[in-house]
Amino acid sequence: GTHPASPSDWLKTLPQLGAYTTGRTRGGGAKVAQWSSHVARLRSSLATLTATTFESDGEVAALIEPSVRRVLDECVERNVAGPPDEGADRGELMVVIAVC
């Protein structure tokens, strides 16, 4: 099948997910680039959408990091790579992290 051009395009095909952030990996898919910014964005979105407040970004990170780590580890293990674009993002994955 065809793949969406971006995480945003993919999200448009789904019902409302809740709080989410989109980004790219670094280190060959081993970690999410700008992780702390993504965690802060999720914390803010969750507060707005659900009236749930978290004491810190660390609390949100503890909630999502195990799942994100498991998926990234599996991608690395299976040699999943993003498009072979030129430049800094060569082979990196586009990711969507959602809290539903």
Side-chain angles (χ1 to χ4, degrees):
T2 56
H3 299 285
S6 71
S8 296
D9 290 340
W10 178 73
L11 284 168
K12 291 175 187 172
T13 69
L14 302 174
Q16 177 65 9
L17 286 176
Y20 67 90
T21 185
T22 63
R24 285 198 172 263
T25 60
R26 288 285 180 252
K31 61 184 180 177
V32 176
Q34 301 175 332
W35 173 253
S36 59
S37 295
H38 291 292
V39 170
R41 186 174 303 117
L42 284 170
R43 180 180 176 202
S44 175
S45 295
L46 286 167
T48 301
L49 293 171
T50 67
T52 301
T53 56
F54 290 90
E55 296 286 323
S56 67
D57 289 353
E59 195 175 351
V60 175
L63 176 71
I64 62 172
E65 191 167 13
S67 297
V68 172
R69 172 66 23 228
R70 191 169 37 253
V71 169
L72 293 180
D73 287 350
E74 186 170 335
C75 287
V76 169
E77 184 178 307
R78 293 180 181 214
N79 293 318
V80 175
D85 301 338
E86 296 299 321
D89 292 331
R90 182 180 183 157
E92 297 296 344
L93 302 172
M94 294 182 285
V95 296
V96 176
I97 302 168
V99 180
C100 304

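Because the structure is predicted, anything quoted here is derived from the model rather than measured.
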With distance as the sole test, does Thr21 use its side chain to make a donor-acceptor pair with the main-chain N or O of Arg41 at under 3.5 Å? no
Tell me if a side-chain donor or acceptor on Arg43 pairs with a main-chain N or O of Phe54 at a distance below 3.5 Å. yes
Taking every heavy atom of Gly18 against every heavy atom of Leu49, the minimum-distance pair comes out as C-CD1, 3.6 Å
Which heavy-atom pair separates Ala61 from Pro66 by the least distance, and what is that distance? O-CD, 4.3 Å
Is there a path of hydrophobic side-chain contacts, each under 4.5 Å between heavy atoms of I, L, V, M, F, W or Y residues, that connects Val71 with Leu93? no
Between His38 and Val32, is a side-chain contact (heavy atoms from CB on, under 4.5 Å) present by the stated rule, with each step listed? CA-CA 9 Å; His38 291 292; Val32 176; 3.8 Å; yes
Judged by atom type as modelled, is there a donor-acceptor pair below 3.5 Å linking the side chain of Glu92 to the main-chain atoms of Gly28? yes
For the hydrophobic clusters of this structure (ILVMFWY residues joined by side-chain heavy atoms under 4.5 Å, transitively), does one cluster hold both Val76 and Val95? no
Under 4.0 Å between a Lys/Arg side-chain N and an Asp/Glu carboxylate O for Arg78 and Glu74? yes
Between Leu63 and Leu72, is there shared hydrophobic-cluster membership here, with clusters defined by ILVMFWY side-chain heavy atoms closer than 4.5 Å? yes
Taking atom NZ of Lys31 and atom CZ of Arg26, what is their separation to the nearest 0.5 Å? 9.5 Å
Looking at every non-hydrogen atom in both residues, tell me the closest pair between Gly29 and Thr25 and how far apart they are. CA-OG1, 3.4 Å
For Ile64 and Ile97, which heavy atoms make the closest approach, and how far apart are they? CD1-CG2, 4.1 Å
Around Gln34, counting heavy atoms of other residues, nucleotides and ligands shown, do more than 12 lie under 6.0 Å from its CD? no
